[in-house]
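Notes to accompany the following structure.
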Amino acid sequence: MKIIKAKKITKKNFSKFGQLIDTSKKNPININDGYAKRFDNLINLDASKNKGKAIVSIFKAKKRRFPMKIDMMEKHPLGSQAFIPMEDTKFLVFVAPKGDKPDVNKIQSFLVPKQTGVNYNAGIWHFPLISIKDMNFLIVDRKGKGNNLVIYKFKKDKIILKK
């Protein structure tokens with residue numbers, strides 16, 4: 001049995017999987033006569049393979065219970081996928097590098113802080129949304145031709161995620 005414990009996420013330790021979506025260390029542009037600030041170019045959105053396009057959706061996530069069994073992972077080879085919480089709360093991600101299947105020895109889990117989202121690079125293995133409360137997430141991903149969802153089911157490996 002392999003037990004994975006979520007660790008604190010940073011831009012550096014998550015960089016091989018994607019980008020954090022936050023406004024820290026970004027210089028905003030004042031807009032709307034100073035009543036708003038605009039933070040540009042926060043992620044590398046990748047949706048154009050096979051003439052795909054970016055779409056915005058809302059996922060209504062249910063709270064997960066821990067420890068939780070991880071029995072599968074998925075990847076989206078044709079585009080990135082961003083998860084942005086619509087409430088001021090933390091959530092978890094469970095990821096593995098690109099490859100034909102998830103490498104159990106390279107799996108990592110991260111605790112994403114409040115006011116932060118993540119964008120998975122195309123082809124990154126991940127477990128579906130892991131919310132620690134019932135809530136909505138804004139999702140930016142790819143719609144278009146081609147198979148953009150690959151699912152891998154763990155048959156021999158027993159993996160447990162702890163918060």
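L138 and F59 are not part of a single hydrophobic cluster, where members link through side-chain heavy atoms under 4.5 Å apart. Using a 4.5 Å cut-off between side-chain heavy atoms of Ile, Leu, Val, Met, Phe, Trp and Tyr, with links allowed through other members, F154 and I4 fall into the same hydrophobic cluster.
In this structure, the ring-ring contact (aromatic ring centres under 6.0 Å, His included) partners of F91, at least two apart in sequence or on a different chain, are F137. Under the salt bridge (charged side-chain N to carboxylate O under 4.0 Å, His left out) criterion, E87 pairs with K133, sequence neighbours left out. Considering only residues two or more places apart in sequence or on other chains, F66 meets the ring-ring contact (aromatic ring centres under 6.0 Å, His included) condition with none of them. Scored by the ring-ring contact (aromatic ring centres under 6.0 Å, His included) test, H76 finds H126 as partners (sequence neighbours excluded). For K98, the side chain to side chain contact (heavy atoms under 4.5 Å, CB included) partners at least two apart in sequence or on another chain are I124.
Once rounded to the nearest 0.5 Å, the distance linking CG of L92 with OG of S131 reads 9.5 Å. Rounded to the nearest 0.5 angstrom, S109 OG and K163 NZ are separated by 11.5 Å. Rounding to the nearest 0.5 angstrom, the gap separating the CG atom in N50 from the CG atom in N148 is 9.0 Å.
Under a cut-off of 6.0 angstrom, the local environment of CG in D100 is sparse, with at most 12 non-hydrogen atoms contributed by other residues, nucleotides or ligands.
Of the candidates Y120, F94, F127, F14, F14 is the only one forming a ring-ring contact (aromatic ring centres under 6.0 Å, His included) with F110. Among I21, I84, L20, the single residue meeting the side-chain contact (heavy atoms from CB on, under 4.5 Å) criterion with T116 is L20.
Residue pairs that meet the side-chain hydrogen bond (donor to acceptor under 3.5 Å, both in side chains) test with at least one member in residues 9-28, sequence neighbours left out, are T10-N13, K11-D22, Q19-N119, Q19-N121, D22-S24.
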